[in-house]
Colleague: 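This structure is in structure tokens; I'll ask about it shortly.
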There are 2 protein chains.
Amino acid sequence: MNMAKNIITQLRVQRKQYNTTEQKLIDYIIHNVSQAQEATTQEMSDGSGVSTATISRFVKKIGFDSFRDFSVDLARISVQKSPVEFFGEIVDTDDTVAIAQKVFRGAENALAATVNNLTIDQLEQATQCLISARRVGFFGIGGSSIVAFNAYHKFLLTPIDVIAHPDYDVQLMQAVRLDHTDVAVVISHSGRNKDTLLIAQKLSENHVKIIAITSFPDSPLAKLADLVLLSLAEEVNFRSESMSSLIAQITIIDTLFTLVGSQLSEDTQSVVDTMRDTIEETRAQ
Amino acid sequence: MNMAKNIITQLRVQRKQYNTTEQKLIDYIIHNVSQAQEATTQEMSDGSGVSTATISRFVKKIGFDSFRDFSVDLARISVQKSPVEFFGEIVDTDDTVAIAQKVFRGAENALAATVNNLTIDQLEQATQCLISARRVGFFGIGGSSIVAFNAYHKFLLTPIDVIAHPDYDVQLMQAVRLDHTDVAVVISHSGRNKDTLLIAQKLSENHVKIIAITSFPDSPLAKLADLVLLSLAEEVNFRSESMSSLIAQITIIDTLFTLVGSQLSEDTQSVVDTMRDTIEETRAQ
DNA sequence: TTATTATATGAAAATAATTTACAGTTTGCA
DNA sequence: TGCAAACTGTAAATTATTTTCATATAATAA
């Protein structure tokens with residue numbers, strides 16, 4: 001039974017129990033919480049008109065070991081900053097900061113929304129698919145080709161047989177050559193890029209299992225897929241939305257890679273170690 | 001540019017930026033948060049083995065006005081369940097959700113730490129460089145080639161003349177062909193990949209302005225560069241760290257692209273519109 | 001009312017905490 | 001290797017907190 005009430009509330013309620021000087025101090029504290037949180041005894045003395053000596057004695061009277069203790073307790077109280085204060089920082093900063101903030105904030109939001117939306121089931125199914133596949137192909141056109149290539153690069157570290165290529169023509173040919181023992185990870189922000197859809201079509205015809213990574217659950221790509229992993233991003237404009245969703249897509253890939261890696265841990269570990277050695281070699285000493 | 005993150009998270013993520021003594025202090029703080037919240041410099045010194053003087057200097061270095069300020073900020077953090085558990089290294093017993101959470105959380109932290117570390121000045125300098133360059137080359141080997149390629153892809157939407165290629169040999173030749181009127185954006189997580197360094201060396205010899213995107217401010221690449229944009233990531237293990245820092249790197253590129261775009265707004269808008277039309281055409285109806 | 005006593009307060013001294021100056025040491029670089 | 005720059009701890013200086021002490025105030029009893 002922890003009655004650990006916020007010290008401000010306690011002071012307000014017990015205010016009458018204290019004498020004039022102490023009430024002066026209490027009044028100062030409860031009306032200037034955020035200042036009081038950072039104040040020294042001297043500052044509090046100046047603010048309240050009560051001597052530092054009395055302040056020191058008072059905090060002990062109300063149960064703290066020292067003024068420092070009282071300070072720490074006071075600091076724990078989160079004071080709602082007034083909107084002026086809160087937005088003030090952003091408003092008076094220039095364009096550069098605002099833009100940088102927006103881009104980063106967008107990416108962070110996309111990540112939060114995406115992880116929030118993913119289910120255990122989806123991830124486990126996807127992992128299982130990838131592990132049991134004969135070969136895994138990564139497909140993506142335009143901006144999404146980066147995600148596909150990143151996936152390819154990461155999964156090279158696992159024992160899984162992986163396929164990817166930047167060019168559309170090659171991707172299409174690779175798609176045609178896969179069969180029902182294989183898995184394809186198809187990435188498209190909109191889920192309606194004509195080239196990507198043609199690839200997905202071919203994959204579907206060959207009964208290749210399709211894992212789609214897209215931002216639109218109702219898109220044609222999502223409908224063709226066996227499993228859809230949604231990358232979400234705030235809807236601001238197409239450009240900034242697709243930038244943020246790219247971050248989310250890459251992080252989905254990272255997650256799948258990590259999951260696959262943890263499943264195949266022994267096998268993978270040796271592969272990773274070998275690769276790491278190779279990487280180390282290419283570094284300056 | 002303060003994203004007002006929890007100071008413990010910030011310290012954990014930025015840990016590597018600091019030297020041995022400072023890391024000793026950071027380790028003490030993040031492993032003894034509740035003690036640290038109430039500690040004086042002397043207690044912290046006893047606990048961490050770092051002198052009170054260094055502690056005082058450190059808190060100023062990370063942006064507080066005084067140790068008292070730092071204390072107050074620390075006190076605001078409600079100590080959650082073992083943070084180690086939440087952020088720790090990926091172990092075999094982790095279940096699917098925990099792994100996904102960790103990967104996403106790692107990316108989010110990397111973004112927060114990175115934006116927190118960037119200065120207006122760096123971004124404005126970089127933007128100015130890119131805008132006034134005759135040509136801009138993007139260079140990256142291995143995992144970083146994805147970032148370079150992503151940059152290339154985005155900047156194709158601007159009127160800026162851009163260069164990038166996945167192959168090392170081609171990158172090296174491109175590097176040699178650039179001159180002092182050009183700008184190179186060189187990306188490397190470690191900043192010490194031999195191939196990347198050779199490229200940077202050639203660029204430097206040709207007096208090409210180098211903007212480095214790396215996670216290590218003391219790396220050879222950072223030292224060769226005219227401007228360093230730091231991508232920060234939590235130190236968990238090499239793999240997960242480089243995954244998260246890749247996200248940060250891409251977001252840095254996104255920011256630069258957006259900044260450049262906003263500077264060249266009229267010009268760019270027309271290019272973007274043209275490109276968008278082209279993109280629309282390749283979509284299904 | 002007045003003397004006595006208990007309590008409260010602030011100035012200033014004493015103690016404790018923090019910051020700075022300084023000097024020895026290490027580190028990086030030519 | 002030798003020089004310059006950066007780092008770190010000791011100790012001094014500064015600043016903050018607590019205690020002492022002198023004084024003021026209020027309560028009570030004669």
Side-chain angles (χ1 to χ4, degrees), chain A residues 7 14-29 35-75 283-285, chain B residues 7 14-29 35-75 190-192 197 200-201 204-205 212 214 216-225 228:
Chain A
I7 184 69
Q14 300 180 346
R15 183 173 179 281
K16 283 209 180 71
Q17 296 176 16
Y18 300 101
N19 64 42
T20 326
T21 318
E22 289 166 334
Q23 287 188 11
K24 237 178 14 177
L25 177 59
I26 291 171
D27 289 346
Y28 168 77
I29 295 170
Q35 275 160 271
Q37 288 180 320
E38 310 188 343
T40 64
T41 46
Q42 190 55 58
E43 288 161 352
M44 232 178 237
S45 167
D46 293 345
S48 65
V50 173
S51 76
T52 62
T54 301
I55 293 169
S56 173
R57 281 187 290 251
F58 176 73
V59 298
K60 288 183 182 168
K61 191 167 173 183
I62 62 175
F64 295 94
D65 286 345
S66 65
F67 182 77
R68 158 166 285 277
D69 257 38
F70 172 73
S71 257
V72 167
D73 207 84
L74 202 56
R283 291 198 204 166
Q285 56 285 4
Chain B
I7 182 67
Q14 299 182 346
R15 181 175 181 280
K16 210 181 312 140
Q17 280 181 278
Y18 301 102
N19 64 40
T20 324
T21 316
E22 290 167 333
Q23 288 188 9
K24 227 166 43 165
L25 177 59
I26 292 171
D27 289 345
Y28 168 77
I29 295 170
Q35 275 159 270
Q37 288 180 320
E38 311 190 340
T40 62
T41 47
Q42 190 53 61
E43 288 162 352
M44 233 180 236
S45 169
D46 294 345
S48 66
V50 172
S51 76
T52 61
T54 301
I55 293 170
S56 172
R57 282 186 289 250
F58 177 73
V59 299
K60 288 183 180 168
K61 188 168 175 182
I62 62 176
F64 295 93
D65 285 345
S66 65
F67 183 78
R68 158 165 285 277
D69 257 39
F70 173 74
S71 260
V72 166
D73 207 86
L74 250 192
S190 69
R192 37 179 77 250
L197 283 177
Q201 199 78 53
S204 183
E205 283 167 15
T214 176
F216 297 85
D218 299 325
S219 61
L221 174 60
K223 282 174 182 158
L224 275 170
V228 178

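Since we're looking at a predicted model, the values are computed, not measured. In the text below, chain A, chain B and the rest are named by the order of the sequence lines, each starting its count at 1.
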Colleague: Answer whether the closest heavy-atom distance between the side chains of Thr52(A) and Phe67(A) falls below 4.5 Å.
Modeller: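 In short, these two side chains do not touch, never coming nearer than 4.5 Å.
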Colleague: Has the side chain of Arg68(A) got a donor or acceptor atom that lies under 3.5 Å from a matching backbone atom of Ala39(B)?
Modeller: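 Indeed, once roles are kept as given, a pair shorter than 3.5 Å links the two residues.
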Colleague: Output one letter per nucleotide in nucleotides 9-17 of chain C: B when a protein non-hydrogen atom lies under 4.0 Å from the base, S when only the sugar-phosphate is that close, - when neither is.
Modeller: BBB------
Colleague: What is the distance from CZ of Phe64(B) to C1' of dT18(C), rounded to the nearest Å?
Modeller: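 To the nearest whole Å, that distance equals 16 Å.
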Colleague: Could you state the atom-to-atom distance from CG of Leu25(B) to C1' of dG9(D) in whole Å?
Modeller: 14 Å
Colleague: Have a look at Lys223(B) and say if it touches a base, only the backbone sugar-phosphate, or nothing, with a 4.0 Å heavy-atom cut-off.
Modeller: sugar-phosphate
Colleague: Could you tell me how far apart Tyr18(A) (OH) and dA8(C) (C1') are, to the nearest whole angstrom?
Modeller: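 Tyr18(A) atom OH is separated from dA8(C) atom C1' by 16 Å.
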Colleague: Under 4.0 Å between a side-chain N/O of Lys60(B) and OP1 or OP2 of dT20(C), yes or no?
Modeller: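 So the side chain of Lys60(B) is within the cut-off, an N or O lying under 4.0 Å from OP1 or OP2 of dT20(C).
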Colleague: In Å and rounded to the nearest 0.5 Å, what is the CE to OG distance from Met44(B) to Ser51(B)?
Modeller: 13.0 Å
Colleague: With heavy-atom distances below 4.5 Å as the criterion, would you say the side chains of Asp69(B) and Val59(B) are in contact?
Modeller: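 Result no, sub-4.5 Å side-chain heavy-atom pair not found.
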Colleague: The criterion is side-chain contact (heavy atoms from CB on, under 4.5 Å); which residues satisfy it with Lys24(A), sequence neighbours excluded?
Modeller: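 side-chain contact (heavy atoms from CB on, under 4.5 Å) check on Lys24(A) returns Val50(A).
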Colleague: Lys61(B) has an atom NZ; how far is it from atom P of dT20(C), in whole Å?
Modeller: 15 Å
Colleague: Measure the distance from CZ on Phe58(B) to P on dG9(D) and round it to the nearest whole Å.
Modeller: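 To the nearest whole Å, that distance equals 13 Å.
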Colleague: Donor-acceptor pair, distance only, cut-off 3.5 Å: does the side chain of Gln23(B) make one with the backbone of Arg15(B)?
Modeller: yes
